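Written below as structure tokens is the structure these notes are about.
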Amino acid sequence: MLVHPEIRTMEPCAHAPYGLLQLSAVVDQLGYKIAVLDNNAFRLPIDALRQEIKGDVQPKTIRIGIQPSSPMFGQMAPKEFGTKDDVLEITILPDGAITAPSAKLLVALESGALSKESVEALRQEVKNFQLSASEGWDVIGIGGLTTQYKYIREIAKVCKTEFPAAVLVGGGGFATAQPHDMMRWIPEFDCLCLGEGIITFKEILEHVEDQNWKTVKGLAYREGSKIKLSAMRPLIEEFYHCEEDCNSDHLTFEKALAKDFACQCGAKLANNLDEEIPFPAYEYGAVETYLMNSRIPYSVESMRPDCRRMDVLSSYGCPMRCSFCFHCGSTPYCQSKIYGKTVSGKPFRQHSPRYVVELIDHLRRHYLINFVSFIDENFTVNKLWYDRFCSELENFDLATLIHWGILSHVKTINQKMLERGHDLGLSYVSYGGESANERLLKECHKGQTKTDMESAITATQAANVNTIMTFILGLPNETIDDVIETAQFFVDNQIHCVPFFCFPPGTSVVANPSICNIEDISEGSKVLSHRAIHQPVVHLIKHDYTGELVNIKAYDVPVSMTPTHPVYAIERHRRSVDKRDNIDYPDATVIETIKHEKAAWVSAEKLERGDIVLYPIDRVVKDVSEVHLPWKSKHFKHFKKTIPCSAELLRLIGYYLAEGSFAYRSGRGEKHALTGIQLSFNSNETDYIADVEHICHQLLNYNPRQYKLQATHTTMTCIFNRPFARWVKQEFGEYARNKTLPFWIMSLPLKKQKELIRGYWRGDGHTDKLGFALTSVNLRLLRQIKHLLLRFDIVASISKTRTWYRLRVQSSFLPKMQALLGITHPYISERRYTVARAVIDGDYAYIPIKHVWKSHYSGPVYNMEVDVDNSYVVAGLGAVHNCQPYPATELYEKYKDKIIEQHMTEEEKEFLREPNLNTLTKLDLWKQKSELPSKSQLMRELPVIKEKIKDAALERWVLELDDATKLSANLTDFNDVELAGLQYMLARWEIDRLKQFKKLIETRTSIVGNVGTAL
Ligand code: B12
Ligand code: SF4
Ligand SMILES: [Zn+2]
């Protein structure tokens, strides 16, 4: 049995344990019985894991990243960025029954995040795992990285207690990097496999009986109490040879390529590596779990709701010598670290291009994958190989079926490779940037300069391939100034560590209390989410940006945003097989048929005319029965204190919004001078004038005064009621440009809102050939009216004329608007209205995009992080995604608690820092002794004691390596909280905050207490 412990538990599992699956394939070929327990997929707690290993199948809860009705980012967000609310937990019971919270399950199924087939496949996977442990395990292997130490140690203990006779072997990064330490700390291990396991593991199986580990190359093993290393395991060689063995020539890839992989005897030239290493035995893994969580925020294709992404490896090692990079024993550097010497041979080896493409094809056929992430350390080392690989993709016709992404070094790639790759589905390239500081780049032997990095970014962008660049925070000797330099590089080169999308100032966001400009939103205020719920804003982001903006016009004045900003939409044009695509700009009948299709978060730049944006409708109803007027006893004795919030009051407000202004008594301070409200009507609008009179009488017990102005043919109706005027001014604002609707109006019952719209329309509205129209200079107010109309299932459009904005209701919405206003439109009876271009269904308006175009922009851009739903509504467009929460948030939380609340004692710190005799009592060594040693004894044993202390401290440090990876104190003086904060700020381009942080550090007094504020 091979066990894969948990890794990055903050995210659902998205990666196959590639090495273990390769080993399984090898063992399978040899005819052994094998099972893989991928606890990274199942995440069983240790007791359940114990039962599982014993063969008593446990219920398994599989976490899948979903976000209600936001398949693309929903899938990605929780996995990649850890928002808990959007994880669906499916529990599969031993009998195959499945339980899951039904509402979430439904959402997942509806949104396409999950299919019935996937659920079935999951069930099957769990069933496959019904291990027959009755015979017990002969060999148990545990693989993992050093960061998994905590889990590895626990699992090893369980395995050894339950199956003491089984050979327990470890392998992978943790074993290779620290064989001695691991053997000491985990005494349960019989041996560890150092470096490549393919041949070593085969030989381990051959020696299970005699346990003659010495003869197996590449092992750490025990000889009595001693830990020994056997001879070094040579790397599996890469060479091509005749499949029929007609000669003994070993050819390089270049030579084999020159012969077109054909021997002179006519047989094929085979790659030795291909023969030694079979395709990973995916069938032993929990493939469906990996696939369901496989969306990554690296490119549009890798984030799509239907993305089924799988890792593939085409090569081993890397010829570069970056000092921080670990190649699991394959490079001379790694080997000399472990053995003090190196083996000859090429550390960088590749499978044949044909093998790799056949593997992709295999995955596509068996698991319907459509995206491949190459996990090669550096995919572009060999340009000829890359070229041949591209040709093979073409030969297999895979280019149209598969998108792929790679890891690369900026110096081993060029424009031609990128362009050819792009034509064949290359979707992202992730480069190791590491730092933007030349000194640090040199010190870590990265072999690249800032200029090289910039050229690669430019080339990649020019080839239309998404550029990812990863950085290391905490390189030796890195200072906070270096971090700031790196952050500046992110900004200058538009490197996004978290998906980056923003809006320029002036973009209206649907918020509570009101629609407001994005730059005016404050942390803690609430915004409407794509699920039509008001959610709190938890973080604000502002950057300087120079580059393209995408402008989208959809039933409103255009809205601009950065090109990758995800908009909640249905991409109609992508359905190329569908006849409907011929309709350039869809009408309601077309939208009706596609509105139930999956909406996804689509990058703004991918949207086109005819795609549909979703506009959430806030349908919450909250009545208000009366309103309190600002009443001051001294002056207002004869006025009412409270008036009913009736339909009439709302109509009066409508009149005010359109026609109202305030009357002031001249010569005094404004506060005291406000005397009343004046509404100006055309003198022949006698109905309205009478209506105002009637309302005033009812509500305020007051008869308004009329003033007729002959010259303009208007009648001024004046309501001299100071508390009422004050209330109106305070709630609804003054002057045409500034008038607004307070939040409570937006959720009143429809019958009241109807009256407000009526009143407003009577003042500012008119009918024309097209329908009903309202004109105003106040875009915000018109948008608020638009939102009210949505509640009546009416989609209004807004356009801009030279001096004002016009809200229009037309086409098939006319009957509803007619009913709302209580007026007959002259054209309705003649059926001269056309078919609508938007549709309302439930909580969304489905609005077609009319135009999309790009423009250049230089200036500040804004975004925010919204709790739970990770989205907000931009007035005039629809729902958009927020910025992504970053794992550092969790990281920060985690360390904050640890360090601030359970701050280590001085003694503990001392213990970790410097071996100190005061800490002796902490050691088992001394606990076992009944009395303290004499001074001379102590001096004699001091070196041993020091070693013990050091070892305990080191193990403790490794034990704490966890999901987040311990950010070691390379940035001198920084603790983990601070480093987590730095990571957070760096990733978000928060240069100003970094600078503030720097100051804080410089004047640190009690840093732990201050850091919360700084972050
Ligand atoms: C995919 C991947 C991940 C995935 C994990 C995938 C998984 N399911 O475990 C994710 C994204 C989670 C990840 C995270 C990290 N990764 Co990573 N990752 C890789 C990557 C790209 C591929 C791994 C892989 O499958 N390799 C291919 C297989 C065939 O190799 P292998 O796993 O080493 O297995 C062979 C042997 O080791 C051995 N073997 C392995 N297990 C066992 C078990 C037994 C019993 C035996 C006998 C033999 C054996 O046999 C296998 C066949 O030869 C490698 C780079 C690379 N190309 O290897 C980096 C790499 C493994 N990652 C690395 C690092 C540093 C990290 C992070 C710490 C980075 C960070 N700072 O956050 C984090 C870990 C965070 C955490 N919380 O623990 C380092 C490893 C350093 C080390 N000490 O081991 C690598 C090598 C990259 C590098 N060049 O530095 N990573
Ligand atoms: S180029 Fe990348 S994979 Fe190669 S040594 Fe450097 S960091 Fe490691
Ligand atoms: Zn031959």
Side-chain angles (χ1 to χ4, degrees), residues 2-11 13-23 26 38 40-41 139-149 151 168-178 191-202 204 218-219 236 241-247 249 262-269 277 280 285 290 296 311 313 315-331 333-334 348 373-378 381 407-412 431-432 434 444-448 470 472-474 887 961-967:
L2 293 172
V3 190
H4 182 221
E6 297 88 315
I7 187 164
R8 281 221 177 125
T9 49
M10 55 160 68
E11 314 165 348
C13 164
H15 296 275
Y18 205 90
L20 292 189
L21 298 184
Q22 278 189 340
L23 295 182
V26 171
D38 186 353
N40 190 42
V139 181
I140 301 178
I142 307 175
L145 299 182
T146 314
T147 47
Q148 292 165 280
Y149 172 66
Y151 304 107
L168 188 63
V169 45
F174 86 96
T176 310
Q178 288 167 277
C191 57
L192 296 178
C193 164
L194 277 54
E196 273 174 13
I198 303 290
I199 312 286
T200 311
F201 196 54
K202 275 196 225 176
I204 290 175
L219 282 192
I236 302 175
H241 69 99
C242 169
E243 221 172 29
E244 297 294 332
D245 285 330
C246 78
N247 62 58
D249 288 352
C263 178
Q264 62 239 22
C265 75
K268 256 181 27 196
L269 287 176
I277 310 179
Y290 316 141
I296 45 169
D311 293 343
L313 186 67
S315 66
Y316 305 89
C318 169
M320 311 291 278
R321 299 283 170 90
C322 310
S323 62
F324 53 83
C325 188
F326 183 81
H327 299 276
C328 214
S330 68
T331 61
Y333 174 77
C334 285
F348 176 68
S373 280
F374 283 102
I375 53 171
D376 300 49
E377 307 256 31
N378 183 352
V381 172
L407 310 175
S408 175
H409 184 283
V410 295
K411 294 276 270 186
T412 60
Y431 298 104
E434 327 310 359
C444 72
H445 305 293
K446 186 65 203 181
Q448 71 192 27
T470 54
I472 295 179
L473 181 69
L961 293 178
D962 189 354
D963 289 336
T965 304
K966 190 164 172 100
L967 294 156

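Model, not experiment: these values are computed from the prediction. Indexing begins at 1, ligand by ligand and atom by atom, following the structure's order.
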Going by the closest heavy atom to atom 38 (C) of ligand 1, which one wins out of Gly171, Gly143, Gly195? Gly195

Proximal candidate to atom 7 (S) of ligand 2 [heavy atom criterion; set Lys446, His409, Met320]: Lys446

What atoms of ligand 1 come closer than 4.0 angstrom to any heavy atom of Leu20? 41 (N), 42 (C), 43 (C)

Closest by any non-hydrogen atom to atom 6 (C) of ligand 1: pick that one out of Lys202, His15, Arg8. His15

With no hydrogens and no angle check, do the side chains of His409 and Asn378 hold a donor and an acceptor under 3.5 Å apart? no

With a 4.5 Å limit on heavy-atom distance, are the side chains of Phe374 and Ser408 in contact? no

Would you mind listing which atoms of ligand 1 come within a distance below 4.0 Å of any non-hydrogen atom of Gly173? 84 (O)

I want to know if ligand 1 touches His4 in the polar sense, i.e. an N/O pair below 3.5 angstrom. yes

Would you mind listing which atoms of ligand 1 come within a distance below 4.0 Å of any non-hydrogen atom of Thr146? 83 (N)

Is any N or O atom of Ile375, backbone or side chain, closer than 3.5 Å to an N or O atom of ligand 1? yes

May I ask you to test the Gln264-Asn247 pair for a side-chain heavy-atom distance under 4.5 Å? yes

Heavy-atom nearest option to atom 46 (C) of ligand 1, drawn from Ile277, Leu23, Val3: Leu23

Looking only at distance, does Gln22 have an N or O less than 3.5 Å from an N or O of ligand 1? no

As a check for students: among Gly19, Ala14, Ala177, identify the option with a heavy atom nearest to atom 32 (O) of ligand 1. Gly19

Which atom pair, heavy atoms only, marks the closest approach of Pro319 to Val381? CG-CG1, 3.5 Å

Any side-chain to backbone donor/acceptor pair from Thr176 onto Gly195? Under 3.5 Å, distance only. yes

Those atoms of ligand 2 less than 4.0 Å from some heavy atom in Phe324: 7 (S)

Could you pull out, from Gly317, Gly172, Gly285, the option with a heavy atom nearest to atom 49 (C) of ligand 1? Gly172

With a 4.5 Å heavy-atom cut-off, do Ile198 and Leu23 have their side chains touching? yes

Does the side chain of Glu244 come within less than 4.5 Å of Cys263's, by heavy atoms? no

Tell me yes or no: between the side chains of Asp376 and Ser315, is some donor less than 3.5 Å from an acceptor? yes

A student checking ligand 1 against Ile142 at a 4.0 Å heavy-atom cut-off should list atoms 43 (C), 45 (C)

Quick one: does Pro280 get within less than 4.0 Å of ligand 1, heavy atoms only? no

Report yes or no: does Glu377 have a heavy atom closer than 4.0 Å to ligand 1? yes

Kindly confirm whether atom 4 (Fe) of ligand 2 is within less than 2.8 Å of some N/O/S atom in Cys318? yes

Have His4 and Asn40 got a donor and an acceptor in their side chains that come within less than 3.5 Å? no

Does Asn40 have a heavy atom less than 4.0 Å from any atom of ligand 1? no

So if I count the atoms of ligand 2 from 1 in the order they appear, which ones are less than 4.0 Å from some heavy atom of Cys322? 1 (S), 5 (S), 6 (Fe), 7 (S)

Number the atoms of ligand 1 from 1 as they appear, then name those within less than 4.0 Å of a heavy atom of Cys328, with their elements. 33 (O), 37 (O)

Counting only N and O atoms by type, is there a donor-acceptor contact under 3.5 Å from the side chain of Thr200 to the main-chain atoms of Glu196? yes

Which bit of Ala16 is near ligand 1, meaning a heavy atom under 4.0 Å away: side chain, backbone, both or neither? backbone

Can you list the ligand 1 atoms lying under 4.0 Å from a non-hydrogen atom of Gly141? 45 (C)

With side chains defined as the heavy atoms from C-beta onward, is the minimum distance between Tyr316 and Ile277 less than 4.5 Å? yes

Side chain of Gln148, backbone of Phe174: donor and acceptor closer than 3.5 Å? no

Going by the order shown, which atoms of ligand 1 are within less than 4.0 Å of some heavy atom of Cys325? 88 (C), 89 (N), 90 (O)

Where the closest heavy atom to atom 47 (C) of ligand 1 is concerned, which of Cys193, Gly432, Gly197 has it? Cys193

More than 12 heavy atoms of other residues, nucleotides or ligands under 6.0 Å from NZ of Lys202: is that the case? yes

Is Cys325 close enough to atom 8 (Fe) of ligand 2 that one of its N, O or S atoms comes in under 2.8 Å? yes

Below 4.0 Å, non-hydrogen atoms only: which portion of Phe201 touches ligand 1? Side chain, backbone, both or neither. side chain

Check this for me - ligand 1, Phe326, N or O atoms closer than 3.5 angstrom, yes or no? yes

Would you say the side chain of Val169 lies within less than 4.5 Å of the side chain of Ile140, judging by non-hydrogen atoms? no

If hydrogens are left out, which of Glu377, Gln448, His445, His327 has an atom nearest to atom 5 (S) of ligand 2, that is, the closest non-hydrogen atom? His327

Any N or O of Thr147 that comes nearer than 3.5 Å to an N or O of ligand 1? yes

Shortest non-hydrogen pair, Phe348 vs Gly317, comes out as CD1-O, 3.2 Å

Atoms of ligand 1 less than 4.0 Å from Val169 heavy atoms? 45 (C)

Counting C-beta onward and ignoring hydrogens, is there a side-chain heavy-atom pair between Tyr151 and Ile142 closer than 4.5 Å? no

Is there at least one pair of N or O atoms, one from Ile7 and one from ligand 1, spaced under 3.5 Å apart? no

CD (Gln448) and SG (Cys322) are apart, to the nearest 0.5 Å, by 7.0 Å

Counting distance only, does the side-chain N/O of Tyr18 pair as donor-acceptor with the main-chain N or O of Leu313 below 3.5 Å? yes

Cys13: heavy atom below 4.0 Å from ligand 1, yes or no? no

